[in-house]
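The structure appears right after this line, and notes come after that.
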Amino acid sequence: MALDAHQEKLNFQAEVKQLLNIVVHSLYSNKEIFLRELIANASDASDKFKFEALSDPALNENDASTQIRINFDKAARTITISDNGIGMSRDEVVTNLGTIAKSGTREFLAQLSGDQKNDAHLIGQFGVGFYSAFIVADKVTVMTRRAGLGSEHGVCWESAGDGEYTVSNVDKATRGTEIILHIKENEDEFLENWRLRSIITKYSDHLNISILMPKYTEDEKATEEWETVNRATALWTLAKNNITDEQYKEFYKYVAHDMEDPLAWTHHRIEGGNIDYSCLIYLPARAPFDLWQRDTHHGLKLYVQRVFIMDKVEQFVPHYLRFVRGVLDTSALPLNISREILQDHQVIPKLRAALVRHVLDLLERLAKDDPAKYADFWKEFGNVLKEGPAEDFANRERIAKLLRFASTHADHGQHVGLADYVARMKAKQNRIYYITAENVNAAKSSPHLEVFRKNDIEVLLLTDKIDEWVVSHLPEFEGKSLQSVAKGDLALDELVTEDADAKEAEERKDQAQQKEFESLLKEIQTILTEQIKEVRLSHRLTTSPACLVRDQDALGPQMERLLKAAGQTVTEAKPILELNPEHAIILKMQGLDQEQLREWTQIIYEQALLAEGSSLPEPAVFVQRINKVWMKMFE
Ligand code: ADP
Ligand code: MG
């Protein structure tokens, strides 16, 4: 018999061992979640079963109904959770319960610090799932059989959670999975009828499946009869005012595999329109660990008339909203739809447009009613939403309103929206100014900001490496064009005085300076002919002697770096050198001899490179030049 049973002893994948260790040691303050996780798995298994049985009725084995049964045995110290869902084959058992399939797991686990509180926090976004059984059990036995296979294809999996497990073949008459938890010595609280019931109703009241427990007599004796403990109506099918915030939150944890509360949600039931659908969409409070992984799927759970069809359906939410979680239930799709057909079913674009609208509504509402919460959202997902203007042309204006940037007119760490900016614009200002830089401090001290600072004109500080790309897809907002302070000629209309005499005086001054510096500009142009496109007098500097600017339609330095990093060949446009005609150094340059002028010009140019965050081709030569000029002071 032992030979027939083909018992194998196997090691958990290294990541599983690590995860098990963390789960057991960091989740002790919230032990009861083990039941939520195991019920969630049983519910998923029943959903999968129902979906597969649609196209293969033989799987029903004379019983198409599904339910979850939970029982305990105080004397034997066990809790049993059984379902008649899809079950697992031997190979599936080994893969599903012995390895972690999520990509990026190793990197994620490497981030964990060993600090239990912090790790408990992080592990929440990862989802502990099945392994949470070991929080309360010192041994877990899984008996399972895949629906459709003969009873001799049952599998028994067993582990003490200490690094290895065994699998063997068993006979199992009914399809589905039975999980037996051998409860740890000091976890007796879970071997109680009322305790289990309260956990079930707390977490799983509105799963779309009945959870049964034995009926108890008034003096707390178990009977042979089973009764449903939860309400078992899919939450999204209920009217909003019949749902409490707690229920919404618990349901979120189920769909999102998250242990923390969601940040916000939106729930709609649209009937009698041209497409009937219900959706319950959540914004997570924190970004999942794999948000930026290319090969992970994000998306909604799809139901057709309450029947679960597919997980992580990406068609309904565009990539820039990939952080949302939730369910979509519709009668507009056929029950037997496959992933392939789903790709180009004609109702998809309509549903997608509707869902995008709901999400953008939700975000707008949050931004308006609860800016602090919106700031939390922005911190976690802002960089995803920034992909919006490029991806979703139709909603560009709405998305633009939701973007947030650091600003010269906001406190450090605070972000402002474009609408705030527009509301604060100067009387004659018709452009939204921004600067791109490596970080806020570099942006704030850039010479390009000098004229803006002097005149108290707000400038947005774009410090993320994709920001320049984002604004390149936003030529304007509410009729105001977006303008880099480091590009173009920047004659600031808002500074032009109305007073005719003053205007004339200014023009005269400009012309006089132009004349005064004409020959110096020519000489500098010759010296830097390889490096720059042009040298000219500046309107933007007040305290710095010089800065580099780009042509209006050229790539900025941030965009250049981004494209290079993406492996693209970038034709580098030469910058324009602008000089401050009021600056003592520039004035002094007029009287220099040839050799000195050459030195000074190089220094001025290289300083301007440094100030815009670019690196110098020959840093050591720059230092030598500075020292040489410096030493002159001692002569
Ligand atoms: P997740 O539910 O996030 O996939 P879990 O750790 O909870 O992760 O479960 C791992 C996998 O084990 C599931 O994806 C599923 O394939 C399988 N599994 C767990 N419990 C059951 C069950 N009751 N019936 C069938 N398969 C199950
Ligand atoms: Mg699970």
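Whatever order the structure lists them in is the order used to number ligands and atoms, beginning at 1. The basis for the numbers below is simple: all heavy atoms, side chains too, and nothing from hydrogens, waters or symmetry mates.
At a 4.0 Å heavy-atom cut-off, ligand 1 touches D83 through the side chain alone. Contact annotation for L38 and ligand 1: no heavy atom of the residue comes within less than 4.0 Å of the ligand. Of the heavy atoms in M88, only side-chain atoms (C-beta onward) come closer than 4.0 Å to ligand 1.
Ring planes of F289 and F108: tilted class, angle from 30 to 60°. Ring-plane geometry between F377 and Y374 is classed as tilted, the angle between the planes lying from 30 to 60 degrees on a 0 to 90 degree scale. Between W236 and Y303, the angle of the ring planes lies from 30° to 60°, which puts this pair in the tilted group.
Note on D205 versus R231: salt bridge recorded, some NZ/NE/NH1/NH2 to OD/OE distance being below 4.0 Å. Between K202 and E32, at least one side-chain N (NZ, or NE/NH1/NH2) sits under 4.0 Å from a carboxylate O, which counts as a salt bridge. Between E192 and R197, no side-chain nitrogen of the basic residue sits less than 4.0 Å from a carboxylate oxygen of the acidic one, so the salt-bridge criterion is not met. Here D276 does not pair with R269 in a salt bridge; the nearest charged N to carboxylate O distance is not below 4.0 Å.
Once rounded to the nearest 0.5 Å, the distance linking OH of Y320 with CZ of F323 reads 8.5 Å. Within the model, atoms CG of L302 and CD of E314 stand 13.0 Å from one another, a figure rounded to the nearest 0.5 Å.
Under the 4.0 Å distance rule, the nearest protein heavy atom to atom 27 (C) of ligand 1 falls inside the cut-off. Protein heavy atoms are absent from the 4.0 Å sphere centred on atom 4 (O) of ligand 1. When distances from atom 8 (O) of ligand 1 to the protein are checked, no heavy atom turns up under 4.0 Å. For atom 24 (N) of ligand 1, the nearest protein heavy atom lies under 4.0 Å away.
Atoms of ligand 1 found under 4.0 Å from any heavy atom of L97, numbered from 1 in the order shown, are 12 (O). Close approach of ligand 1 to G129 (heavy-atom distance below 4.0 Å) involves ligand atoms 5 (P), 6 (O), 7 (O).
Below 3.5 Å of separation, one finds no N or O of Y131 facing any N or O of ligand 1. The shortest N or O to N or O distance between N96 and ligand 1 is below 3.5 Å. The shortest N or O to N or O distance between H257 and ligand 1 is under 3.5 Å. At least one N or O atom of F130 sits closer than 3.5 Å to an N or O atom of ligand 1.
At the shortest separation from atom 2 (O) of ligand 1 among protein heavy atoms lies N41 OD1, 3.0 Å. Looking at atom 14 (O) of ligand 1, its nearest protein heavy atom turns out to be K48 NZ, 4.6 Å. Summary of contacts: the protein heavy atom closest to atom 22 (C) of ligand 1 is T177 OG1, 3.7 Å.
A donor-acceptor pair under 3.5 Å links the side-chain atoms of D329 to the main chain of R306, judged by distance alone.
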